[in-house]
Structures are given as structure tokens and as C-alpha cells.
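For reference, the structure discussed in these notes is given below.
All values below were derived from every heavy atom in this structure, side-chain atoms included, with hydrogens, water molecules and symmetry-related copies excluded. Count residues from 1 along the sequence. Keep in mind that what you see is a predicted model, and the values were worked out from it rather than measured.
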Amino acid sequence: MSGSGIEVRPYAGALGAVVSGVDLAQPLDDATLAALRRVWLAHLVLFFRDQRLAPAQLKAFAARFGPLNRHPILAGVAGEPTVLELRREPDARYCFSDWHTDLTYMERPLLGAMLYAREVPAAGGDTQFANMYLAYETLSDGMKALLGGLVAVHAANVAAYLGDPTRKASEAEMAARVAEHPVVRTHPETGRKSLFVHAVSTTHFKGMTVAESRPLLSYLFRHALRPEFTCRFDWAVDSLAFWDNRCTQHQALDDYFGQRRVMHRVSIEGDRPA
């Protein structure tokens with residue numbers, strides 16, 4: 001395969017692209033991989049349809065973008081510690097469905113993640129994505145100047161993990177996961193600035209109390225998720241989404257109670273935000 005065989009169709013105005021003309025189960029040559037990375041950086045999240053991927057093949061594709069992550073709180077599937085199975089049975093009540101950026105309570109949050117659909121509901125269970133470049137770029141110059149000097153504290157949201165059947169960490173271990181990151185992050189590959197806070201893990205600004213931080217953070221949380229910054233992906237079996245965790249947020253919609261949804265997820269180690 002070569003990079004010239006890839007076809008790309010923008011999925012929404014804010015972010016996202018559907019990629020065809022590539023079989024992710026097969027080894028990719030350097031030209032194809034470079035083309036995919038360019039498209040990914042431009043569109044922030046890529047969607048692939050009709051891919052047949054065993055866990056080992058999903059891992060092999062993800063590993064071309066960097067070292068794979070072992071989740072600090074959730075356990076992987078048997079024999080594949082870097083592959084998470086996100087399974088919801090028809091009678092399950094638990095579903096984590098808040099907007100977030102992954103693992104920002106770590107000193108080095110993820111570079112990105114891939115989600116692959118094994119079984120999907122007849123209707124519902126979509127995933128939404130939001131463009132944090134746009135969230136930053138649409139702020140006023142005065143707000144940008146203010147945020148440029150701020151650092152945010154991120155902590156693992158213990159309550160969000162308590163109902164997950166794959167949890168391997170204790171409550172004390174989860175509570176100890178705290179990190180500090182700039183509110184405005186510069187992407188290490190594109191050089192673009194993005195808003196790097198989210199409602200699940202960002203607790204307050206460094207040097208301020210939670211109460212003092214709340215009004216501004218609440219505004220930023222709302223602003224970041226304006227509809228015109230988002231897209232919504234409708235899953236089908238054998239679809240894959242690959243998002244850049246450094247400049248996006250995402251949300252799984254909890255609108256399919258009584259139906260089964262099974263996804264495999266692989267994540268890629270990132271760097272320290274700056």
C-alpha cells in the first residue's frame with residue numbers, strides 16, 4: 001500500500017474525517033503511515049469503516065504511532081494488558097458518559113486513543129468529539145492573555161470509576177492521581193494552541209481555591225463544548241475512531257439502555273503538556 005491510495009472525506013465542519021482505501025489489519029508501509037498521520041493532525045479524529053481487527057492487529061496499528069499505554073486504573077483483556085474492553089450489557093446501569101480528555105490526571109496524558117466497535121446497539125451509543133483548537137481560538141484576546149499564565153490542577157475523578165467492572169485500582173490509589181498542566185496547551189506537532197481543561201478532572205487553578213476557580217472554569221467548560229465545535233459519530237460494527245487526545249474532548253452518549261455495546265480500546269503514550 002502507498003499513501004496515494006487513501007481517500008479522505010471530511011466528516012463535519014469542526015473536526016473529523018472518514019478514511020477509506022486502507023486495510024488496517026495489514027502492515028502499513030511508511031508512506032501510508034505518514035499520510036494517515038498528516039490527515040489525523042489536520043482533522044483531529046479519523047473514522048474508519050469495515051475494518052476486521054483482532055486485538056493483536058489493533059495493537060499493531062496503534063503501536064505505529066507510539067508506545068502503548070497500560071491504563072493506570074482499568075485492567076485490560078486477558079493476555080492483552082494494553083487493550084481495554086468497554087462492555088455494557090443490556091441490564092447494566094453504569095455508563096461513563098461525561099465530556100472529557102483522557103488521563104489528564106497523569107503527568108503525561110495520552111497522545112491519542114483508538115476505539116473499535118465489536119458490537120453496537122441497534123440505535124444509540126454514538127460518540128461525540130469536540131475541537132479544543134476552536135475552543136481556544138474563539139476566545140477574546142483578553143481571555144487568552146489571562147489563561148496564558150494559568151496552570152490547572154487535574155485529579156482522577158474517583159466516582160467516575162467506581163462502577164466500572166474492569167477497575168483494578170483502589171480508591172486511595174485513584175485519589176493519589178493528581179497532575180498540573182497549562183490551561184492553554186501548545187500542540188507539539190502542529191504548534192497550534194488549544195484549551196486544555198475539562199469538567200471531569202480539572203478541579204481548580206494552581207494558586208487558587210476551588211471556589212475561586214469555579215466561575216471561570218465553569219465558563220470554559222461550557223464554551224469548549226459549543227455545538228459548532230463538535231461532531232457526532234454513529235458507530236457500526238467494525239468501525240474505528242482514532243482521536244488526538246492533545247486537542248480534543250469526547251463523550252459517549254448514554255442512550256441505549258437495554259442493549260449491548262462492546263468496544264475495544266487501545267491508547268498511545270503521550271508527553272508532558274507545554
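The closest donor-acceptor contact from the side chain of Glu80 to the backbone of Val77 lies at 3.5 Å or more, if one exists at all. A side-chain donor-acceptor contact under 3.5 Å links Thr101 to the backbone of Thr248. Distance alone, capped at 3.5 Å, is enough to place a donor-acceptor pair between the Thr138 side chain and the Leu134 backbone. Of the possible donor and acceptor atoms, none in the side chain of Glu171 sits under 3.5 Å from a partner among the backbone N and O of Val158. Proximity of a side-chain donor or acceptor of Glu180 to a complementary backbone N or O of Val151 within less than 3.5 Å is not detected. In this structure, the side chain of Gln249 engages the main chain of Val197 through a donor-acceptor pair within 3.5 Å. Judged purely by atom type and a 3.5 angstrom limit, Gln51 uses its side chain to pair as donor or acceptor with the backbone of Val22. Asp254 places no side-chain N or O within donor-acceptor distance of the main-chain N or O of Ser97, the cut-off being under 3.5 Å.
Smallest separation of non-hydrogen atoms from Ala35 and Ile6: CB-CD1, 3.9 Å. The nearest pair of heavy atoms linking Phe196 to Pro273 is CE2-CG, 3.9 Å. Considering all non-hydrogen atoms of both residues, Ala224 and Ala130 come closest at O-CB, 4.1 Å. Scanning all heavy atoms of the two residues, the minimum distance from Arg108 to Gly270 falls at CB-O, 3.8 Å. What you find for Trp235 and Ala241 is that their closest heavy atoms are CH2-CB, 3.6 Å. A pairwise comparison of heavy atoms in Glu212 and Pro215 identifies O-CD, 3.5 Å as the closest pair.
Side-chain contact check for Thr230 and Arg232: no donor-acceptor pair (N or O, by modelled atom type) lies under 3.5 Å. With no hydrogens or angles considered, no side-chain donor-acceptor pair links His100 and Asn157 at under 3.5 Å. Neither side chain, His181 nor Thr202, offers a donor N or O lying under 3.5 Å from an acceptor on the other. Residues Asn69 and His71 have side chains that never bring a donor and an acceptor to within less than 3.5 angstrom of each other. Side-chain contact check for Arg70 and Thr82: no donor-acceptor pair (N or O, by modelled atom type) lies under 3.5 Å.
Residues His204 and Thr209 are not in side-chain contact: their nearest non-hydrogen atoms beyond the backbone lie 4.5 Å or more apart. Between Thr166 and Leu84 there is no side-chain heavy-atom pair separated by less than 4.5 Å. Residues Leu216 and Met143 form a side-chain contact, since some pair of their non-hydrogen atoms from C-beta on lies under 4.5 Å apart. Between Glu189 and Arg37 there is a side-chain heavy-atom pair separated by less than 4.5 Å. Counting only heavy atoms from C-beta outward, the side chains of Met106 and His154 never approach each other to under 4.5 Å. In this structure, Arg185 and Met132 have side chains that are not in contact, with every pair of non-hydrogen atoms separated by 4.5 Å or more. Residues Leu147 and Leu195 form a side-chain contact, since some pair of their non-hydrogen atoms from C-beta on lies under 4.5 Å apart. Between Ser239 and Arg49 the shortest side-chain heavy-atom distance falls below 4.5 Å.
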Problem - salt bridge (Lys or Arg N to Asp or Glu O under 4.0 Å) assessment of Arg192 paired with Glu137 - result: CA-CA 9 Å; Arg192 295 177 68 182; Glu137 291 165 358; 2.9 Å; yes
Exercise for the section: Could you please spell out the steps behind the side-chain contact (heavy atoms from CB on, under 4.5 Å) verdict for Tyr116 and Asp238? Expected result: CA-CA 7 Å; Tyr116 175 64; Asp238 294 331; 2.6 Å; yes
Practice task
Would you check, one step at a time, whether the test side-chain contact (heavy atoms from CB on, under 4.5 Å) holds for Glu269 with Leu111?
Solution key: CA-CA 6 Å; Glu269 296 280 4; Leu111 176 144; over 6 Å; no
Exercise for the section: Just do the salt bridge (Lys or Arg N to Asp or Glu O under 4.0 Å) check on Asp255 and Arg261 with the steps written out, would you? Expected result: CA-CA 11 Å; Asp255 61 351; Arg261 183 176 186 264; over 6 Å; no
Handout entry: CA sep, side-chain torsions, deciding dist, call: Gln128, Trp99, side-chain contact (heavy atoms from CB on, under 4.5 Å)
Key = CA-CA 8 Å; Gln128 297 191 102; Trp99 280 100; 3.4 Å; yes
Practice task
For Val19 and His43, run side-chain contact (heavy atoms from CB on, under 4.5 Å): C-alpha distance rounded to whole Å, both residues' side-chain angles, the deciding distance at 0.1 Å, then the answer.
Solution key: CA-CA 11 Å; Val19 179; His43 293 277; over 6 Å; no
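To the nearest 0.5 Å, atoms OG1 (Thr32) and CZ (Arg64) are separated by 9.0 Å. The OG atom of Ser201 sits 12.5 Å away from atom CZ of Arg177, with the distance rounded to the nearest 0.5 Å. Here OG1 of Thr203 is found 8.0 Å from CG of Leu217. Values are rounded to the nearest 0.5 Å. Annotation: the span from Arg260 atom CZ to Glu89 atom CD amounts to 4.5 Å, rounded to 0.5 Å. With rounding to the nearest 0.5 angstrom, the CG atom of Leu46 is 10.0 Å from the CG atom of Leu15. Atoms OG and OH, from Ser194 and Tyr136 in turn, are 9.5 Å apart once rounded to the nearest 0.5 Å.
There is a path of hydrophobic side-chain contacts, each under 4.5 Å, that joins Leu36 to Ile268. In this structure, Phe47 is not a member of the same hydrophobic cluster as Val8, with clusters built from ILVMFWY side-chain heavy atoms closer than 4.5 Å. The cluster map of Ile, Leu, Val, Met, Phe, Trp and Tyr, joined by side-chain heavy atoms under 4.5 Å apart, puts Leu146 and Phe205 in the same cluster. Residues Leu110 and Leu41 do not share a hydrophobic cluster, clusters being chains of Ile/Leu/Val/Met/Phe/Trp/Tyr side chains in contact below 4.5 Å. No chain of hydrophobic side-chain contacts below 4.5 Å, direct or via other Ile, Leu, Val, Met, Phe, Trp or Tyr residues, connects Phe257 to Met263.
The aromatic rings of Tyr161 and Tyr105 sit perpendicular, their planes meeting at an angle over 60°, well past the 30° parallel limit. Between Phe61 and Phe242, the two ring planes are perpendicular [angle over 60°; tilted spans 30° to 60°]. Trp243 and His250 have tilted rings, their planes meeting at an angle from 30° to 60° on a 0 to 90° scale.
The side-chain hydrogen bond (donor to acceptor under 3.5 Å, both in side chains) test with His198 is passed by exactly one of Asp98, Asp102, Thr104: Thr104. In summary, of the residues considered (Leu53, Leu24, Leu115), a side chain to side chain contact (heavy atoms under 4.5 Å, CB included) with Leu58 occurs for Leu53 alone.
Heavy-atom neighbours of Glu107 CD from other residues, nucleotides or ligands within 6.0 Å: at or below the threshold of 12. For Lys168, the NZ atom counts as densely surrounded, since its 6.0 Å shell holds more than 12 non-hydrogen atoms of other residues, nucleotides or ligands.
A salt bridge does not link Arg88 with Asp164: none of the charged nitrogens is closer than 4.0 Å to a carboxylate oxygen.
A distance of 6.0 Å or more separates the ring centres of Phe233 and Phe129.
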